[in-house]
Amino acid sequence: MDMFPYPSGDLHMGHAEAYALGDVVSRYWVQRGFNVLHPIGWDAFGLPAENAAIKRGLDPRQWTYDNIDQQRKSMENYACSFDWDRVLRTCDPIYYRWNQWLFLEFYKKGLAYRKNSNVNWCPSCQTVLANEQVVAGLCERCDTEVTKKALTQWYFKVTDYADRLLDDLDTLEGKWPSKVLTMQRNWIGRSYGASVRFEVENRDEPIEVFTTRPDTLYGATFMVVAADSDLASELVADADSDTKAKFAEYLETVKKTSDIDRLSTDREKTGVFLGRYAINPLNGEKLPMWASDYVLADYGTGAIMAVPAHDERDMEFAVKFDLPIRTVVDTGEEDPQVTKIATAGDGVLVNSGPLDGLRKEQAIAKAIEVLQQRGTGEKTKTFRLRDWLISRQRYWGTPIPIIHCAKCGEVPVEQDQLPVELPDSQGLDLAPKGTSPLGGAEDWVNVDCPKCGGSAKRDTDTMDTFVDSSWYFLRFFSPNSEQFAFDPDGVKQWGAVDQYVGGVTHAILHLLYARFFTKVLFDMGMVDFEEPFSRLLNQGMVLMDGSAMSKSRGNLVKLGDQLEEHGVDAIRLTMSFAGPPEDDIDWKDVSPQATSKFLARAWRVAKDVSESSAEGEPDIDVRKATHSFLNEFETNIENFKFNVAVAKTMELVNALRKAIDSGCGAGNPAVREGAEELAKGLSLFAPYVAEDMWHLLGHESPVALAGFRDIEKELLVQDSVTAVAQVNGKLRDKFEVSVDISEKELEALAMNSENVKRAIGDSEIAKIIIRAPKLVNIAVKG
RNA sequence: GCGCGAGUGGCGAAAUGGUAGACGCGCUGGCUUCAGGUGCCAGUGUUCGCAAGAACGUGCGGGUUCAAGUCCCGCCUCGCGCACCA
């Protein structure tokens, strides 16, 4: 299965590569006789449709469906072997109805909930964004600086699945690109440590912090609370007016700082003293409490214990504000108290009471044990992963099927009322204004509460389009079903996606969400697998002159033009032959003309065979060439080495050409056999030419279904090989030998070689290594 | 800063520790052709040599091995990811 496209305009070179490669895999397994489901659909909701609507006054629905029609025609022309009976479009009510159904199932299980918090806000798109959609502080879509806004929004509780999402990555090892696995692991970001409760003077409740280094508790010399957290404001509330004023001023500047500035690496630490003290639970020491923006409000508990001697950031802060530094781990490096350089490595505990003399790992365990005994802390873990914010204040998406009633609160829409269809865009103001355009559809918004019958309003937000793509692969089992989201029989028959193909751009977002959905559906008993995509192939990008193609850059290569000039087969083959699929292709390095020439050369082989009458016994060398081609072709395809597989078909063409011109001739049955396997092999890359060849060779049925010939193992055995003679590992001579040559014979052959004799000269022979039938290496002294 | 990946001819690239450069582009020469931006054949890592052959050669420096593009250690460069995550 290929990642489904977003229908913005026609297909481009990137699509051409992705679908060529996906099609090779699909056609290969069909050729091997498997029942292959190779579906396609459209990720049809989303902002571009809406933006086009705003900019050019179009109906987003019309714009989307027009683009889908155009893309579909191009795909058909491009010979994509999709199952056109299973097409889905996520903007069809029959599709998004099940988005809503799934949302309500999640809601029932407490996996969909609403909360108020500081969320990422794109001032340009005028909508909230998920953490995953913020890249280095910028909106993933429009590169605008993202700001924070306190809003009540819908979330999916991905964090409930954090452990499984992380641990199950192990089962994908070797089947997904390791790069993607690493990125997912980093994103989920589990760290083990301890939560520790610190009493605070003049406060009833202790505050809790998370630390990965409970062993350094004796080295804690102050505490830091995230300046923008509720806790900081609360702590400072009772302070003197001077402290309060300073805090208020600081908080103002923190709020003004954009994420971009905040993230810049060598930014000086800032902060203010809160006028409060916490008590170290292990040694009873009084620790001054500070507020700073280097502690994040939404990670851990938004507060930390600061151990400057063994944490770089705490050290920086301590130096800046002249706070004490106490070394508690002797790492063998210079004392951080003196150098002002924090040490984080392993070592022996000092100045730490009962922990003294222990090594880091033991001390961590011991510290946790002590905390547990005293009831002031325990072993715990924290994740970087946050819950998935799914509400969007935009029009072109799935309406959230919730009704808000003043009396009954959140009321889910009844099952039989689904789908909650999007109102027509006519008469709605789609321009971004910070609240959903759906709010303006009064007939649509105002409804009776399903519970009490009183007047109520629909939720006006729409779902993130990543909800649509989190389960679409399951919908292909029954794309038009009104009975269920996806057919359980289909799940049994087809199961998880055996092979997924798409760009690495979705390494985190889409793949993580789809994995999350699959696990939830597994727990609901709706699917019997926990990972949606058994194998994943990331294709690279198609570039021009080293950079991404774009109209504004003036280096845009149009797929339509390329197809016009070279033909579909040549472009598909060029994409496959250019290099390893995961590498980028620079279009300037690639030659579709050459590929065309190769296709013509292959075609002529079939032509020559078709014009000769069969005669003679099958030529054994040609048969060997054909069967070793089959053997190598199959392993290369199965290992995604499409470029090498194409090279092997070129070798076969060369061998057949030679046989026709200066060997056994085109009428030899072995040449016909070779030409037929050649057509089948080529059918994965160049279906039109291959089909023509196949018909030239006298077949009526489609080449795509012909099936490779069984490999005759005995034809893979070479009866002579080139043996090499080395002296001290350097090649000195070669000879053709029989594969079953004895070690003695091979050695004699080598020793009699003039070249070898010369290389040995007067030196003394130390050792002779023989690997019959391929190699003799003579080690000499001196 | 941390993590991951990659550095091989003029170019895109091949190579279970055992012939480095398969296959293709480009280039050179020959044949075919009225002609050719076609087709076919041959050559093509660098240096020396008429040749036979030799020396050198997979980013750099070491190491393991009879044998290293491949394994180990240290560096350099590029790309990607993460980046005050406690």
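Only this structure's heavy atoms are used, side chains among them; waters, hydrogens and symmetry mates stay out. Chain naming here is simple, since letters A, B, ... match the order of the sequence lines and numbering starts at 1 in each.
In the set B:C56, B:C66, B:G24, B:G24 carries the atom at the smallest distance from any side-chain atom of A:Phe577. Listed candidates were B:G53, B:A42, B:C84. Nearest to the side chain of A:Asp293 is B:C84. Among B:A15, B:A86, B:U19, the nucleotide with an atom closest to any side-chain atom of A:Thr211 is B:A86. Looking at the side chain of A:Asp661, the nearest of the listed nucleotides B:C40, B:G12, B:A86 is B:C40. Side chain of A:Lys767, nearest nucleotide from B:C82, B:C66, B:C41: B:C66. Closest to the side chain of A:Lys597, out of B:C41, B:G39, B:G53, is B:G39. Picking from B:C40, B:G18, B:C23 the nucleotide with the shortest atom distance to the side chain of A:Arg601 gives B:C40. Counting only heavy atoms from C-beta on, A:Asn777 has its side chain closest to B:A67 among B:A86, B:C25, B:A67. When distances are taken from the side chain of A:Leu775 to each of B:C84, B:G18, B:U38, the shortest belongs to B:G18. When the nucleotides B:A15, B:A86, B:G81 are ranked by their closest atom to the side chain of A:Met183, B:G81 comes out on top.
B:C71 and B:C82 have their P atoms separated by 28 Å, given to the nearest Å. The C1' atoms of B:U58 and B:G69 are separated by 5 Å, rounded to the nearest whole Å. The separation of B:U16 from B:U33, taken at their C1' atoms, amounts to 48 Å, rounded to a whole angstrom. B:A68 and B:G63 have their P atoms separated by 12 Å, with the value rounded to a whole Å. Taking the P atoms as reference points, B:C4 lies 26 Å from B:G9, given to the whole Å.
As rounded to whole Å, 20 Å separates atom P of B:C23 from atom CG of A:Asp589. In this structure, A:Glu632 places its CD atom 12 Å from C1' of B:C23, rounding to the nearest Å. Whole-Å rounding puts the A:Asp586 CG to B:G10 P distance at 19 Å. The distance between atom CG of A:Asn186 and atom P of B:G1, rounded to the nearest whole Å, is 18 Å. For the pair A:Asn654 CG and B:C23 C1', the interatomic distance rounds to 9 Å; values are reported in whole Å. Rounded to an integer number of Å, the gap from CZ of A:Arg732 to P of B:A52 is 16 Å. In this structure, A:Met575 places its CE atom 14 Å from C1' of B:G12, rounding to the nearest Å. Taking atom CZ of A:Arg604 as the reference point, atom C1' of B:U32 lies 13 Å away to the nearest angstrom.
Between A:Ser178 and the phosphate of B:G5, there is no side-chain N or O to OP1/OP2 separation shorter than 4.0 Å. The shortest distance between the side-chain N/O atoms of A:Lys730 and the OP1/OP2 oxygens of B:C56 is below 4.0 Å.
Between A:Phe633 and A:Phe685, the ring planes are perpendicular. Angles over 60° get that label, and only those under 30° would be called parallel.
As judged by a 4.0 angstrom heavy-atom cut-off over every strand, A:Gln726 is placed among the base-contacting residues. The residue A:Ala779 sits close only to the backbone: its heavy atoms come under 4.0 Å of sugar-phosphate atoms, none of a base. A:Thr595 comes within 4.0 angstrom of no nucleic acid atom, judged by non-hydrogen atoms across all strands. Within 4.0 Å of A:Asp314, counting heavy atoms only, lies no atom of the nucleic acid at all.
Between A:Arg732 and A:Glu754, no side-chain nitrogen of the basic residue sits less than 4.0 Å from a carboxylate oxygen of the acidic one, so the salt-bridge criterion is not met. Classification of A:Asp661 and A:Arg657 as a salt-bridged pair holds, one side-chain N sitting under 4.0 Å from a carboxylate O.
Of the two residues contacting RNA chain B, namely A:Pro580 and A:Trp187, the nearest-nucleotide position lying further toward the 5' end is that of A:Pro580. Both A:Ile508 and A:Met650 lie near RNA chain B, and the one whose nearest nucleotide falls closer to the 5' end is A:Met650.
One N or O donor and one acceptor, one from the side chain of A:Lys269 and one from the base of B:C84, sit under 3.5 Å apart.
Side-chain atoms of A:Ile760 and A:Ile765, non-hydrogen and from C-beta on, do get closer than 4.5 Å to each other.
For the atom pair CG (A:Leu385) and OG1 (A:Thr382), the distance works out to 12.5 Å, reported to the nearest 0.5 Å. With rounding to the nearest 0.5 angstrom, the CG atom of A:Leu599 is 8.0 Å from the OG1 atom of A:Thr574.
Annotation: cation-pi geometry not satisfied between A:Lys269 and A:Phe317 (NZ/CZ under 6.0 angstrom from ring centroid, within 45° of ring axis).
Taking 90° from 0 as the syn/anti boundary, the base of B:G9 is oriented syn.
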